**Student:** 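Following this message is one structure expressed as structure tokens.
Quantities reported herein were computed from a predicted structural model and do not represent experimental measurements. Just so it is clear, the values below take in all heavy atoms, side chains as well, and ignore hydrogens, waters and symmetry mates.
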4 protein chains.
Amino acid sequence: MTPSTPEQASSIREKRRRELLDAAQELFAAKGYEKTNVSDIAARAGVSQGTIYWYFKSKDELLVAVFEDWLAQLAQDYVAIVGQPGTTEDRLRRYARAAARRMQEAEVLIPIETEFWTLIFRNDAIRERFGELFRQFRADIADLFRQGMTSGELRSDINPDHLATIAIAVYDGLVLQWAAEPQAVDWYAITETFVDVMLNGGRER
Amino acid sequence: MTPSTPEQASSIREKRRRELLDAAQELFAAKGYEKTNVSDIAARAGVSQGTIYWYFKSKDELLVAVFEDWLAQLAQDYVAIVGQPGTTEDRLRRYARAAARRMQEAEVLIPIETEFWTLIFRNDAIRERFGELFRQFRADIADLFRQGMTSGELRSDINPDHLATIAIAVYDGLVLQWAAEPQAVDWYAITETFVDVMLNGGRER
Amino acid sequence: MTPSTPEQASSIREKRRRELLDAAQELFAAKGYEKTNVSDIAARAGVSQGTIYWYFKSKDELLVAVFEDWLAQLAQDYVAIVGQPGTTEDRLRRYARAAARRMQEAEVLIPIETEFWTLIFRNDAIRERFGELFRQFRADIADLFRQGMTSGELRSDINPDHLATIAIAVYDGLVLQWAAEPQAVDWYAITETFVDVMLNGGRER
Amino acid sequence: MTPSTPEQASSIREKRRRELLDAAQELFAAKGYEKTNVSDIAARAGVSQGTIYWYFKSKDELLVAVFEDWLAQLAQDYVAIVGQPGTTEDRLRRYARAAARRMQEAEVLIPIETEFWTLIFRNDAIRERFGELFRQFRADIADLFRQGMTSGELRSDINPDHLATIAIAVYDGLVLQWAAEPQAVDWYAITETFVDVMLNGGRER
DNA sequence: TATGAATGAGGCTTCATTCAT
DNA sequence: AATGAATGAAGCCTCATTCAT
């Protein structure tokens, strides 16, 4: 059975597409979208420039594809974590630690995150998808808090949506500080402090 | 009466420089650095393309100038607030509310913030300055917390640097969520929740 | 039952070739040679891009094939008409009316005629073939006039070659005016006027 | 007075524009629009490629400008001739001879005429302008015939518009035959035959 | 025969920067 | 100081053609 069967051909296509996606992601992260040129991507993926256009209609569409790809990974990561059983406190800690771990492991990808954030203001399609991601994510975490309130674990006089918004914001904001001064951000230590304060408050009593 | 005296000439120069800076800031915010071209800036400032090079050595230098300009405003805003007298709690609330107000008032400038963040990864000078800003800012806020610990207002078993890092991160992170879905971020309400939880904790007791 | 016999294979080949030729002709007429790309032709003929090269050595050769095909039709049309028996006047009228009819019926093909005319200047092979066509055509019509002169129907002090050249020129020239303003060219009415004047002259007497 | 005054600056601009127009016209005539590349035009005009875009928004717009320029010359040529005083016969002869002379003198420009004809089918703006030209031209010549009919010089049972259409068509059609076989078209001799037959008819009497 | 993938040359255009005036 | 013109280096993309299956 030669590799000319439809399935194999298509799997080759998938593979090539992924190579291009990976090459693009790395370069976008390393140099930014504007500074990355199509020929660089082609070179890194080991194909000719024209080949890219066999897989993506334009450089822009390639960017969107990278973005979608990245979103997919991201969503998968967190949703799985937040959805696990346990007390709210446990799950909150797990979420926070997973976020910390992800940041540390995927530091090379952080530049591409800020790249996408910038795109949020320039590209309606991307804003839409990003908004959707945040919405879903916020809903999941708010849900976690609501369960804690129902079970009596958490104060019920706090707006769980606001809480979720804050919990998400912290990690995005940390990214920036890390970017400006990596050694100033110890993901794990800050995570512990954050969870502690979120639960117990900073006030002396 | 031509502006031939040195002072006049220099004040005209200042004025023109500011016009160019403003034009550039607006366009960078609106379209991003890469998509903004020198001729656009010239047109918006009402001068010819060549004139820009009488005031700035290059487009890059113009960007850095806009950045410095923006940083100056920013620092002024916050430092003043955090430096005022009062209990730690008061000052924390004030800081948080000032941040909320600033966000709301300067929403049109937010895109330029993400633009700068992206630049953190591409431009060493900007990373350096940004790092400095964060460092100073973190130091000021951590100091605020330390005073609260000394005075017995706050628990003293928490790392004040981590706390400061988190406090700053929240607002940067909120910017992103606002970007993706403006109506989801009510700056003031979230601010109140944030301060409440930071002080009292979310745990039922 | 697969088409494995030589005849069948070859007739399939013929059929496929014709499909490609038709697709190409339509597209060349609609968009022009340069703007038509090989993949468009393939798509319209329902085959893959590579297949075209199984039937034609290059895009250029495909153009020449379309041209030859078109010439063949054209020559067939006219030669038949001019060669029919009758008085010179009858045959002249018949030629003129046939030309008028052809124009009206084949208006969609007119763009491809101008396309070919342009190619006269760029492509030696096409100029050669075109010259041959005109030469033959002119000879046939001049002959018609000569017969009229011999028989006393026409004045014999006129150069029959010039006359033939003019008679042909009129229809080609009309094509252009039709192109620019279709409603201004009533093929049949103009034809009658043309034949009338050619025979009787416009001078009052 | 240095050449920096507005008038001179603008006349320099005019001059440069004309150089570009001429270079483009020559190349379009020689190689056709599609085969001519912007860098060739720049080279022939002795400027850099980018300079062209200081004068024309795109290659397409340059083509249209060449076309307009050519139309202007053309209209000027003929309108002057047809508008002169004299009998209809005189003026008809003059028109025909002027057309013949123009063809002979401007043979290098003929390819660009067919180039434009092709464009008639592809470009609405050009079709519009071309239609306008033909309309005006036809009207002028038809008018000439009408005057001849009024004065009793010409038969009044012929449609002068058709006659005008034919008179114009002949020269456009001759261009094609000339293109295919230059030596077969003797502009002056054919012109005399054409006028003779148009006036006196070809019928023996 | 037929196909889809791949190639690579080259075209149009943009744009930061420089220059002559 | 200021300007409009000019430059030239890329960059994205198209497309005829070839290749592996």
**Student:** In residues 16-43 of chain C, which ones come under 4.0 Å of DNA chain F, going by heavy atoms?
**Tutor:** Thr36(C), Asn37(C), Val38(C)
**Student:** Starting at the 5' end of DNA chain F, what dot-bracket string do you get if Watson-Crick and G-U pairs under 3.5 Å are bracketed, crossing pairs use [ ], other-strand pairs use | and unpaired bases use dots?
**Tutor:** .||||||||||||||||||||
**Student:** Considering residues at least two apart in sequence or located in another chain, which fulfil the side chain to side chain donor-acceptor pair (under 3.5 Å) criterion with Thr114(D)?
**Tutor:**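 Thr114(D) satisfies side chain to side chain donor-acceptor pair (under 3.5 Å) with no other residue.
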**Student:** Report the distance from atom CZ of Arg13(A) to atom P of dG4(E), rounded to the nearest whole Å.
**Tutor:** 10 Å
**Student:** Excluding sequence neighbours, so at least two apart, what forms salt bridge (charged side-chain N to carboxylate O under 4.0 Å, His left out) with Lys15(B)?
**Tutor:**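 Lys15(B) satisfies salt bridge (charged side-chain N to carboxylate O under 4.0 Å, His left out) with Glu19(B) once adjacent residues are dropped.
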**Student:** Please list all pairs passing the ring-ring contact (aromatic ring centres under 6.0 Å, His included) test where one or both residues lie in residues 36-59 of chain B, with sequence neighbours left out.
**Tutor:**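 Every pair satisfying ring-ring contact (aromatic ring centres under 6.0 Å, His included) with a residue in residues 36-59 of chain B: there are none.
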**Student:** Going by side chain to side chain contact (heavy atoms under 4.5 Å, CB included), name the residues that satisfy it together with Ser39(B), two or more places apart in sequence or in a different chain.
**Tutor:**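 Counting only residues at least two positions away or on another chain, Ser39(B) forms a side chain to side chain contact (heavy atoms under 4.5 Å, CB included) with Asn37(B), Gln49(B).
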**Student:** Looking at residues at least two apart in the chain, or sitting in another chain, which of them share a ring pair (Phe, Tyr, Trp, His ring centres under 6.0 Å) with Phe67(A)?
**Tutor:** Phe116(A), Phe130(A)
**Student:** Does any residue of residues 45-61 of chain B have a heavy atom under 4.0 Å from DNA chain F, and if so, which ones, in number order?
**Tutor:**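 Only Val47(B), Ser48(B), Gly50(B), Thr51(B), Trp54(B), Tyr55(B) qualify.
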**Student:** How many whole angstroms separate atom NZ of Lys15(A) from atom P of dA5(E)?
**Tutor:**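 Value for this atom pair: 14 Å.
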**Student:** Which residue pairs satisfy the salt bridge (Lys or Arg N to Asp or Glu O under 4.0 Å) criterion with at least one member in residues 60-70 of chain C, sequence neighbours excluded?
**Tutor:**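 Of all non-adjacent pairs touching residues 60-70 of chain C, those that pass salt bridge (Lys or Arg N to Asp or Glu O under 4.0 Å) are Arg18(C)-Asp69(C), Glu68(C)-Arg129(C).
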**Student:** Holding to side chain to side chain contact (heavy atoms under 4.5 Å, CB included), I want the full list of residues that pass it with Glu128(C), two or more places apart in sequence or in another chain.
**Tutor:** Arg135(C)
**Student:** Could you list all the salt bridge (Lys or Arg N to Asp or Glu O under 4.0 Å) pairs where at least one residue sits in residues 45-54 of chain C, not counting sequence neighbours?
**Tutor:**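 Pairs touching residues 45-54 of chain C that pass the test: none.
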**Student:** Take Arg122(A) and Glu115(B) through the test salt bridge (Lys or Arg N to Asp or Glu O under 4.0 Å) and record every step on the way to the result.
**Tutor:** CA-CA 11 Å; Arg122(A) 323 280 180 221; Glu115(B) 191 72 27; 2.8 Å; yes
**Student:** Using residues 24-31 of chain B as the side-chain source, report each donor-acceptor pair under 3.5 Å to any protein atom, sequence neighbours left out, with the distance given to one decimal.
**Tutor:**
{"from": "Glu26(B)", "atom 1": "OE1", "to": "Arg44(B)", "atom 2": "NH1", "distance (Å)": "2.1"}
{"from": "Lys31(B)", "atom 1": "NZ", "to": "Asp40(B)", "atom 2": "OD2", "distance (Å)": "2.8"}

